[in-house]
Protein chains: 2
Amino acid sequence: MTKPIAPARAKPSHKVPKPEAGYHHGELQEALIAASEAILAEHGAEGFTLREAARRAGVSPAAPSHHFGNAQGLLTEVAIRGYAALADALREAASRKQDAREKLLAQGLAYVEFALKHPGRFQMMFANKRLVADDPRLGQASRAAGREFEIIIAELVGGTPRQAKTAAAAAWSTVHGFAKLALEDKFGSVNSEAGYREIMARLNHVLNYLWPASSARR
Amino acid sequence: MTKPIAPARAKPSHKVPKPEAGYHHGELQEALIAASEAILAEHGAEGFTLREAARRAGVSPAAPSHHFGNAQGLLTEVAIRGYAALADALREAASRKQDAREKLLAQGLAYVEFALKHPGRFQMMFANKRLVADDPRLGQASRAAGREFEIIIAELVGGTPRQAKTAAAAAWSTVHGFAKLALEDKFGSVNSEAGYREIMARLNHVLNYLWPASSARR
DNA sequence: CCCTCAATCTGAACAGTGTCAAGTTACGCA
DNA sequence: TGCGTAACTTGACACTGTTCAGATTGAGGG
């Protein structure tokens, strides 16, 4: 070691009038979250390390505990934002279609696309043991994403609330299971562009098979 | 330290004519696999530790590497057996029914039941990054389990092989997604007997909804 | 201006992990 | 009896997450 550790964090000694000045201020949270998301994107859910996140944010390994308590706390924050992003993607996909069934199909494709394009984040969102599972904000974010499905389902099948709930659970299970199996390479490798396209084509067949065009089917 | 480590392993010094005698012989593999399965059952997939498995088998932490290379190797062996057990459960469930559709429903219930009753093992089976993902025996065991679905599907829908493959992927996705979501508490707690029954009832509704009684639906 | 105070972050430590190289033990066989 | 080899241990290394005492910082009040 030529130098002890070399924090490498830019330390603006001259004052800047507005915020953004020295120390980490309230920005360390954001920096840690961003670092965590980068790690998840690069190395997947199993590759996450609290120390590495701290390293990327330019702080000591003990710093995160002050803001998030522990690693689970930080990951919970990441998961909450992940659910928000997922809900956005589902809403956005549905908004592009007119027909209710096409909205649902678009949501199914968007769900799997989200999982395949952000595998680390997606896996972490559903790794309850690595999160603060009873954080109310986490449950809320998760349910908000699920509600995007229920909205379209209600529009599509009508029926009693119980039927809608069953249909929503069915839809969610299908796309979630497909995404999980695809991520574990059960449908072939997902790492090539060709493989990705093939898997999405397969998903299309599956969704059309399970949700046939005959709209209302009691 | 009063005693160095106290291996606690019964060391039969008198010879037994046949195998089963002193040392660990070929039994350490089995002991390690059994220990690993016990850990998975007690503490889930995240609770597994190679050192703890070695501890339970009464050997040093480095011993497993001689038989399995590394932790992934040991877990791969566990996963392979898990897939075999899953295939057995699926075959057994189908064998109890006459009608093809009832066979499929029974398999779906059996799949989720397997996941909920052995969560640690199930999660590990689908944690590719913790296994030797390219072990041919693992892929073979996984495909053998999937084939149990395909057999019944072919009996049910007939059609081209491509249609059968789509239908099998659809069925597998549905039950796998439901199981995964249930294990992450998305359908309520699974830890009580009441919660378990409620979830299985919900599964029944979902499967009847997605696989309606009208047999052939192109 | 200075002084206190709380928030923020560091440094060092601890227990625990997987893996490796080298040494030791026990077995089977000649 | 001796010997080679497989099975296992020992000790070490580089990591990990978390804790705790203390240093540093920025802000607010006198």
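Values below: all heavy atoms of this structure, side chains included; hydrogens, waters and symmetry mates excluded. We name chains A, B, ... by the order of the sequence lines, and we start the count at 1 in each one.
- Although no hydrogens or angles enter the test, the distance criterion places no donor-acceptor pair under 3.5 Å between the side chain of A:Tyr83 and the main chain of A:Ala144.
- Of the two residues near DNA chain C, B:Glu52 and A:Arg51, the one whose nearest nucleotide lies more 5' is A:Arg51.
- By the side chain to side chain contact (heavy atoms under 4.5 Å, CB included) test, A:Arg137 pairs with A:Glu77, A:Ile80, A:Asp135, sequence neighbours left out.
- Look at CD1 on A:Ile39: it is 10 Å from P on D:dT16, rounded to the nearest Å.
- What separates CG of A:Asn70 from P of D:dC20 is a distance of 14 Å, to the nearest Å.
- A tilted orientation is assigned to the rings of A:Phe187 and A:Phe178, their planes being inclined by 30° to 60°.
- With no hydrogens or angles considered, no side-chain donor-acceptor pair links A:Gln72 and A:Lys129 at under 3.5 Å.
- In this structure, the nucleotide among C:dG11, C:dT17, D:dG17 sitting nearest to the side chain of A:Ser60 is C:dG11.
- Comparing C:dC9, C:dA21, D:dC8 against the side chain of A:Ala63 picks out C:dC9 as the nearest.
- Relative to the side chain of A:Thr49, the nucleotides D:dG17, D:dT9, D:dT18 differ in distance, and D:dG17 lies closest.
- Atom CD of B:Gln29 is separated from atom P of D:dA6 by 14 Å (rounded to the nearest Å).
- Rounded to an integer number of Å, the gap from A:His66 NE2 to D:dA21 P is 12 Å.
- Side-chain proximity of A:Leu50 to the nucleotides D:dT18, C:dG18, C:dT10 is greatest for D:dT18.
- In this structure, B:Phe68 atom CZ and C:dG18 atom C1' are separated by 16 Å, rounded to whole Å.
- Checking D:dT9, D:dA7, D:dT16 against the side-chain heavy atoms of B:His67 singles out D:dA7 as nearest.
- Counting heavy-atom neighbours within 6.0 Å of A:Glu198 CD, excluding the residue itself, gives a total of 12 or less.
- Backbone-only contact: B:Ala71 has heavy atoms under 4.0 Å from sugar-phosphate atoms and none from a base.
- For the pair B:Leu74 CG and C:dG18 P, the computed distance is 10 Å after rounding to whole Å.
- Look at B:Arg55 and you'll find a side-chain N or O under 4.0 angstrom from OP1 or OP2 of C:dT17.
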